[in-house]
Amino acid sequence: MSHIKTMNLNDGSTFPAIAFGTVNVKGAQGVYDVLNAIEAGYRLIDTSTNYNNEGMVGEAVKRTTIPREELTISSKLPGAAHAYDEAILMIQESLYRIGIDYFDKYLIHWPLPKQDQYVQAWQALIDAQKFGLIKTIGVSNFLPEHLDRIIDETGVTPATNQIERHPYFNNKALIEANKKRGIVTEAWSPLGRKINDVLENETIHAIAKKYKRSSAQIIGRWNMQNDVLHVVKASTPKHQKENLNIFDFELSEEDMKQIDDLDKGEPGRVEGQDPNGYEEFD
Ligand SMILES: NC(=O)c1ccc[n+]([C@@H]2O[C@H](COP(=O)([O-])OP(=O)(O)OC[C@H]3O[C@@H](n4cnc5c(N)ncnc54)[C@H](OP(=O)(O)O)[C@@H]3O)[C@@H](O)[C@H]2O)c1
């Protein structure tokens, strides 16, 4: 494995530029998958209360020989706990589930603007950071208006915003909006979660052939060259290793543009989850 690039965040912290995603990574098999991922070289683990697998992540953290301080554990606040007091209790509960005493990173999972409690949720993350429960605080699926509101009302800017991004929905404008505010973008479902056929796309295949890489590696590299943190899930050990091997080649500007041009706009979303309308408990 080549050396993993790191990214500097606006709160002074440094994170690996690749996270191991854990949607559908569960139970005893999940522990094995996470341990394999750590063995392969992943150090940033992305989970969420909504994934129902924080206990599994905790079991892997307990069993690995890699010291806790070398791991970066990130989870997310569910919509049911946006009210301030609920959020503080949820963060504590989530820590107990994983069996750790602080989060390296913790995000609000969705803004849920119809529920309109994300400002108090953000205040809870700010305070939990002061209490020492979280090191880096951020958000997920926030649009510019949601970002501006939490920044204006609390004076604190999130360090990261984890958003949907893959070649069919590249979310470029939101990445720019994040950058303008000093926020690092994290990309979720970068391979289209196998719901879309982005890994079979002809343009990406042709670029992959040219660089003697896989389609998944080309997409990972595209994120690296855009300074986007790549949150990728793989249970297959071969996929896990392959996805980390993206630091010893460089895509040309022309190839980067060809990938950008695959964007389909809103219809390109994997499951139509527009953050302004999406409800976690529909
Ligand atoms: N914040 C949010 O709202 C949000 C939403 C969605 C996801 N996420 C996060 O983002 C992570 C990644 O997204 P995702 O899980 O939806 O999907 P993804 O990472 O886009 O795709 C995962 C799929 O791609 C396959 N795969 C991985 N590497 C491959 C390779 N090198 N070659 C071929 N196939 C490969 C995996 O297969 P195998 O597993 O069989 O190897 C799996 O079926 C999640 O796990 C989660 O942590 C966050």
Side-chain angles (χ1 to χ4, degrees), residues 1 16-26 29-30 32-34 36-37 40 42 44-54 56-57 60 72-79 105-112 118 138-143 146 158 160-171 174 178 184-201 204-205 208 213-223 228-246 268-282:
M1 181 201 59
I18 299 190
F20 183 71
T22 64
V23 160
N24 295 327
V25 180
K26 291 186 180 180
Q29 178 63 43
Y32 179 74
D33 292 350
V34 175
N36 268 338
Y42 293 85
L44 170 49
I45 313 292
D46 183 83
T47 181
S48 167
T49 296
N50 281 347
Y51 301 166
N52 285 320
N53 67 4
E54 287 172 313
M56 175 283 292
V57 169
T72 300
I73 308 296
S74 184
S75 193
K76 310 185 193 82
L77 184 75
K105 178 160 69 66
Y106 193 86
L107 314 174
I108 300 176
H109 203 150
W110 287 89
L112 307 178
Y118 63 87
V139 294
S140 177
N141 301 302
F142 272 46
L143 298 175
H146 311 132
T160 71
N161 187 10
Q162 185 177 114
I163 61 175
E164 177 171 358
R165 170 174 158 91
H166 43 77
Y168 291 165
F169 185 72
N170 70 33
N171 230 334
L174 187 48
N178 287 335
V184 162
T185 298
E186 304 184 34
W188 61 256
S189 295
L191 309 181
R193 202 186 280 179
K194 290 258 174 96
I195 291 174
N196 68 29
D197 66 354
V198 74
L199 288 178
E200 311 308 327
N201 180 275
I204 295 181
H205 266 181
R213 299 287 166 149
S214 70
S215 295
Q217 287 174 315
I218 296 300
I219 295 171
R221 186 67 212 171
W222 170 68
N223 270 335
V228 168
L229 199 156
H230 188 60
V231 187
V232 64
K233 179 263 175 185
S235 292
T236 313
K238 178 179 171 288
H239 291 163
Q240 294 181 346
K241 290 191 189 121
E242 191 179 296
N243 295 341
L244 287 177
N245 272 320
I246 57 172
R269 289 186 186 275
V270 280
E271 290 191 288
Q273 294 167 314
D274 173 359
N276 253 333
Y278 180 70
E279 298 289 322
E280 276 174 40
F281 306 107
D282 274 353

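Both counts, for ligands and for their atoms, begin at 1 and track the order of listing.
Only the side chain of Asn141 comes within 4.0 Å of ligand 1, counting heavy atoms alone; its backbone N, CA, C and O stay farther away. Neither the backbone nor the side chain of Val25 comes within contact range of ligand 1; no heavy atom lies under 4.0 Å. Contacts of Glu242 with ligand 1, taken as heavy-atom pairs under 4.0 Å, involve the side chain alone. Under 4.0 Å from ligand 1, the heavy atoms of Ala216 that appear belong solely to its side chain. Of the heavy atoms in Ser189, both backbone and side-chain atoms come closer than 4.0 Å to ligand 1. Looking at Asn24 against ligand 1, nothing comes within 4.0 Å, counting heavy atoms.
The nearest protein atom to atom 22 (C) of ligand 1, hydrogens excluded, is given as Lys233 O, 3.3 Å; this is a heavy-atom distance. Ranking the protein heavy atoms by distance from atom 33 (C) of ligand 1 puts His239 NE2, 3.3 Å first. What sits closest to atom 44 (C) of ligand 1 on the protein, heavy atoms only, is Val23 CG2, 3.6 Å. In terms of protein heavy-atom proximity, atom 40 (O) of ligand 1 is nearest to Thr236 OG1, 3.1 Å. Closest to atom 46 (C) of ligand 1 among all protein heavy atoms lies Tyr51 OH, 3.4 Å. Atom 28 (N) of ligand 1 has its closest protein heavy atom at Asn243 ND2, 2.9 Å.
Polar contact check, Lys76 against ligand 1: no nitrogen or oxygen pair lies under 3.5 Å apart. Checking only distances, Val232 never comes within under 3.5 Å of ligand 1, N or O to N or O. The distance criterion of under 3.5 Å between nitrogen or oxygen atoms is not met by Ala234 with respect to ligand 1. In terms of polar-atom proximity, defined here as any N/O pair under 3.5 Å, Leu191 does make such a contact with ligand 1. Taking distance alone, with nitrogen or oxygen atoms compared against 3.5 Å, Arg193 approaches ligand 1 more closely than that limit.
Close approach to His109 involves these atoms of ligand 1, each under 4.0 Å from a residue heavy atom: 1 (N), 2 (C), 3 (O). Distances below 4.0 Å separate heavy atoms of Gly21 from the following atoms of ligand 1: 11 (C), 44 (C), 45 (O), 47 (O). Residue-ligand proximity, Leu199 to ligand 1, at heavy-atom distances under 4.0 Å covers atoms 33 (C), 34 (N). Here is the list of ligand 1 atoms found below 4.0 Å of a heavy atom in Pro190: 19 (O), 20 (O). Of all the atoms in ligand 1, the ones that sit under 4.0 Å from a non-hydrogen atom of Trp110 are 3 (O). The ligand atoms of ligand 1 that sit less than 4.0 angstrom from a heavy atom of Gly192 are 20 (O). Within ligand 1, the atoms closer than 4.0 Å to a non-hydrogen atom of Gln162 are 1 (N), 2 (C), 4 (C), 8 (N), 9 (C), 48 (C), numbered from 1 in the order shown.
Using modelled atom types, no side-chain atom of Thr72 and backbone atom of Leu44 make a donor-acceptor pair closer than 3.5 Å.
With Glu242 as reference, Lys238 is the one residue of Lys238, His239, Gln240 to meet the side chain to side chain donor-acceptor pair (under 3.5 Å) rule.
Taking the six-membered ring where the residue is Trp, the centroids of His109 and Tyr51 are separated by under 6.0 Å.
Relative ring orientation between Tyr168 and His166 is described as perpendicular, the plane-to-plane angle rising above 60° on a 0-90° scale split at 30° and 60°. Using cut-offs of 30° and 60° on the angle between ring planes, the pair Trp110 and Tyr278 is tilted.
Note on Asp46 versus Lys233: no salt bridge recorded, every NZ/NE/NH1/NH2 to OD/OE distance being 4.0 Å or above. Taking a cutoff of 4.0 Å between a charged side-chain nitrogen and a carboxylate oxygen, Lys105 and Glu186 qualify as a salt bridge.
Side-chain N/O atoms of Arg165 and Asn170 include no donor and acceptor closer than 3.5 Å. Using modelled atom types, one finds no donor on one side chain facing an acceptor on the other under 3.5 Å when comparing Asn243 with His230. Remark: the Asn161 side chain and the Thr185 side chain contain no N/O donor-acceptor pair separated by less than 3.5 Å. Judged by distance alone, the side chains of Ser75 and Glu54 do bring a donor and an acceptor atom under 3.5 Å apart.
Nearest heavy-atom pair, Ser74 versus Tyr106, reported as atom, atom and distance to 0.1 Å: OG-N, 4.4 Å. In plain terms, the two heavy atoms of Ile246 and Gln217 that are nearest each other are CG2-O, 3.6 Å.
Looking only at side-chain heavy atoms (C-beta outward), Leu143 and Pro111 stay at 4.5 Å or farther from each other.
When Glu200, Lys194, Glu271 are ranked by how near their heavy atoms come to atom 25 (C) of ligand 1, first place goes to Lys194. Between Asn53, Val231, Asp46, it is Val231 that holds the heavy atom closest to atom 11 (C) of ligand 1.
In this structure, Asn24 places its CG atom where only 12 or fewer heavy-atom neighbours from other residues, nucleotides or ligands lie under 6.0 Å away.
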